[in-house]
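Below: one structure, written as structure tokens.
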Protein chains: 2
Amino acid sequence: MRFDRELLKGTTETFILATVAEMPCHGYQLVKQLKLKSEGIFQLGEGTLYPILYKLEAKGWIAGKWDGGTGQRRRRVYRITPLGRRQLAARSEQWSELVRGMALLLGASTNE
Amino acid sequence: MRFDRELLKGTTETFILATVAEMPCHGYQLVKQLKLKSEGIFQLGEGTLYPILYKLEAKGWIAGKWDGGTGQRRRRVYRITPLGRRQLAARSEQWSELVRGMALLLGASTNE
DNA sequence: GCGGTATACTTTGTTATACGAGGTATACGC
DNA sequence: GCGTATACCTCGTATAACAAAGTATACCGC
């Protein structure tokens, strides 16, 4: 789906964190994983994803490690850290609250 | 609740539109209405709300009318327009998709 | 050994948005 | 006349998602 540009803001870090938490991933793989798992709802470009990964790593929420076996394209595999896991929990909670708030406000008008 | 700054982006127009749709409102009243109806989840400041109202009006999604009876503080009452109603429907649909996408991605990791 | 395609990572510039902080002005109770 | 609640307005800041463009390696058919 094509979202209004601003609607995704603040959610991307969370669902990226969640996806990495489930399975260690490198960037390029993550682009496809996100699209697949979300049934096509989220389709981040590489220009969006990579900078986010760098930032998450800088914050210590994920840890990247170069993984270049011989005869293989070198790639950076990320896995979630304990700190990242705590952040994910906090973010998920915030997300639930946002959803609840929206349900309270949208409920009435959309069911008219 | 205190949200990460960016999380609300893109959602505010939608829930403001929804609230105005339910009942014509002026700005100051809307600040309280939003807080009340969302059970304290959304607490927009006036510095956030007013500029959004101007923008929604400029786009023709809401229509404002000065309402200053004698012996009363003048105030601008907004009501939703037919165009605004269509926009609200579209935004609500986007919101549902976002929620669905997040559920797909967060589901696995948060239930671990 | 040559060309095309998929993989994999990187950087830059643009646009817009929520928010805090500050400001103005009127009604009303006491 | 004084404080408080009401009501509106404006500016500056931070930052986030994205498109677009670029680099470079592996693999496959021929």
Side-chain angles (χ1 to χ4, degrees), chain A residues 1-17 24-35 38 41-59 62 64-78 91 94 98 101-102, chain B residues 1-17 24-36 38 41-59 62 64-78 91 94 98 101:
Chain A
M1 182 177 212
R2 196 93 209 121
F3 291 110
D4 268 344
R5 189 189 182 82
E6 300 294 325
L7 190 52
L8 284 172
K9 288 206 174 180
T11 66
T12 50
E13 286 191 358
T14 305
F15 67 66
I16 288 172
L17 213 46
C25 244
H26 64 273
Y28 195 79
Q29 183 185 5
L30 203 47
V31 171
K32 314 211 149 171
Q33 196 65 210
L34 289 173
K35 180 176 172 182
S38 73
I41 292 177
F42 299 126
Q43 303 191 30
L44 297 195
E46 302 171 39
T48 300
L49 183 64
Y50 283 104
I52 294 176
L53 287 176
Y54 305 150
K55 201 172 51 176
L56 292 180
E57 189 173 21
K59 289 197 273 199
I62 58 176
K65 201 178 160 190
W66 283 110
D67 163 51
T70 58
Q72 271 213 322
R73 210 52 201 82
R74 64 165 202 155
R75 56 201 192 179
R76 195 155 176 81
V77 176
Y78 295 96
R91 293 299 191 99
Q94 274 195 46
L98 182 65
M102 284 294 273
Chain B
M1 181 177 213
R2 195 93 208 122
F3 291 110
D4 269 344
R5 190 190 181 79
E6 299 295 326
L7 191 52
L8 283 172
K9 288 205 173 180
T11 67
T12 48
E13 286 191 359
T14 305
F15 67 65
I16 288 172
L17 213 46
C25 244
H26 63 274
Y28 194 80
Q29 183 186 5
L30 204 46
V31 171
K32 316 209 148 173
Q33 196 65 210
L34 289 173
K35 180 175 173 184
L36 185 71
S38 72
I41 293 177
F42 299 126
Q43 302 191 30
L44 297 193
E46 302 170 38
T48 301
L49 183 64
Y50 283 107
I52 295 175
L53 287 176
Y54 304 151
K55 201 172 50 176
L56 292 179
E57 188 173 22
K59 289 198 271 200
I62 58 176
K65 200 177 158 190
W66 283 110
D67 162 51
T70 59
Q72 272 214 322
R73 214 41 207 88
R74 63 164 203 159
R75 56 200 191 180
R76 195 156 175 81
V77 176
Y78 295 95
R91 292 299 192 100
Q94 274 194 48
L98 183 65

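Numbered from 1 within each chain, the chains take letters A, B, ... in sequence-line order.
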- Task: State the OG1-NZ distance between A:Thr11 and B:Lys9, to the nearest 0.5 angstrom.
- Result: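 Rounded to the nearest 0.5 Å, the OG1-NZ separation comes to 12.5 Å.
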Can you name the atoms? Protein N/O to nucleotides 7-11 of chain D N/O, anything below 3.5 Å, with the distance.
from	atom 1	to	atom 2	distance (Å)
D:dA7	OP1	B:Arg75	NH1	2.7
D:dA7	OP2	B:His26	NE2	3.3
D:dA7	N3	B:Arg73	NH2	3.0
D:dC8	OP1	B:Arg76	N	2.5
D:dC8	OP2	B:Gly27	N	3.2
D:dC8	OP2	B:Tyr28	N	2.9
D:dC8	OP2	B:Tyr50	OH	2.9
D:dC8	N4	B:Glu46	OE1	2.4
D:dC9	OP2	B:Tyr54	OH	2.6
D:dC9	O5'	B:Tyr54	OH	3.1

- Task: List in chain and number order the residues that pass side chain to side chain contact (heavy atoms under 4.5 Å, CB included) with A:Pro51, two or more places apart in sequence or in another chain; answer none if no residue qualifies.
- Result: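 For A:Pro51 there are no side chain to side chain contact (heavy atoms under 4.5 Å, CB included) partners, ignoring immediate neighbours.
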Could you tell me how far apart [X] ([atom1]) and [N] ([atom2]) are, to the nearest whole angstrom?
| X | N | atom1 | atom2 | result |
| --- | --- | --- | --- | --- |
| A:Leu49 | C:dT10 | CG | C1' | 12 Å |
| A:Leu7 | C:dA18 | CG | C1' | 14 Å |
| B:Phe15 | C:dT17 | CZ | P | 14 Å |
| B:Leu44 | C:dT17 | CG | P | 15 Å |

Listed partners of [X] passing salt bridge (Lys or Arg N to Asp or Glu O under 4.0 Å), at least two apart:
| X | answer |
| --- | --- |
| B:Glu46 | none |
| A:Arg75 | A:Asp67 |
| A:Lys55 | A:Glu13 |

- Taking all non-hydrogen atoms of both residues, which atom of A:Ser38 and which atom of A:Leu34 are closest, and how far apart?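 For A:Ser38 and A:Leu34, the tightest heavy-atom pair comes out as OG-O, 2.8 Å.
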- So which heavy atom on B:Leu53 is nearest to which on B:Gly27, and how close?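 Taking every non-hydrogen atom into account, CD1-CA, 3.8 Å.
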- Query: Got more than 12 heavy atoms from elsewhere within 6.0 Å of NZ, A:Lys35?
  - Reply: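 No, the 6.0 Å shell around NZ holds no more than 12 heavy atoms from other groups.
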Pairs under 3.5 angstrom, nitrogen or oxygen only, protein versus nucleotides 12-16 of chain D, please.
from	atom 1	to	atom 2	distance (Å)
D:dA16	OP2	A:Lys55	NZ	2.4
D:dA16	N3	A:Lys9	NZ	2.7

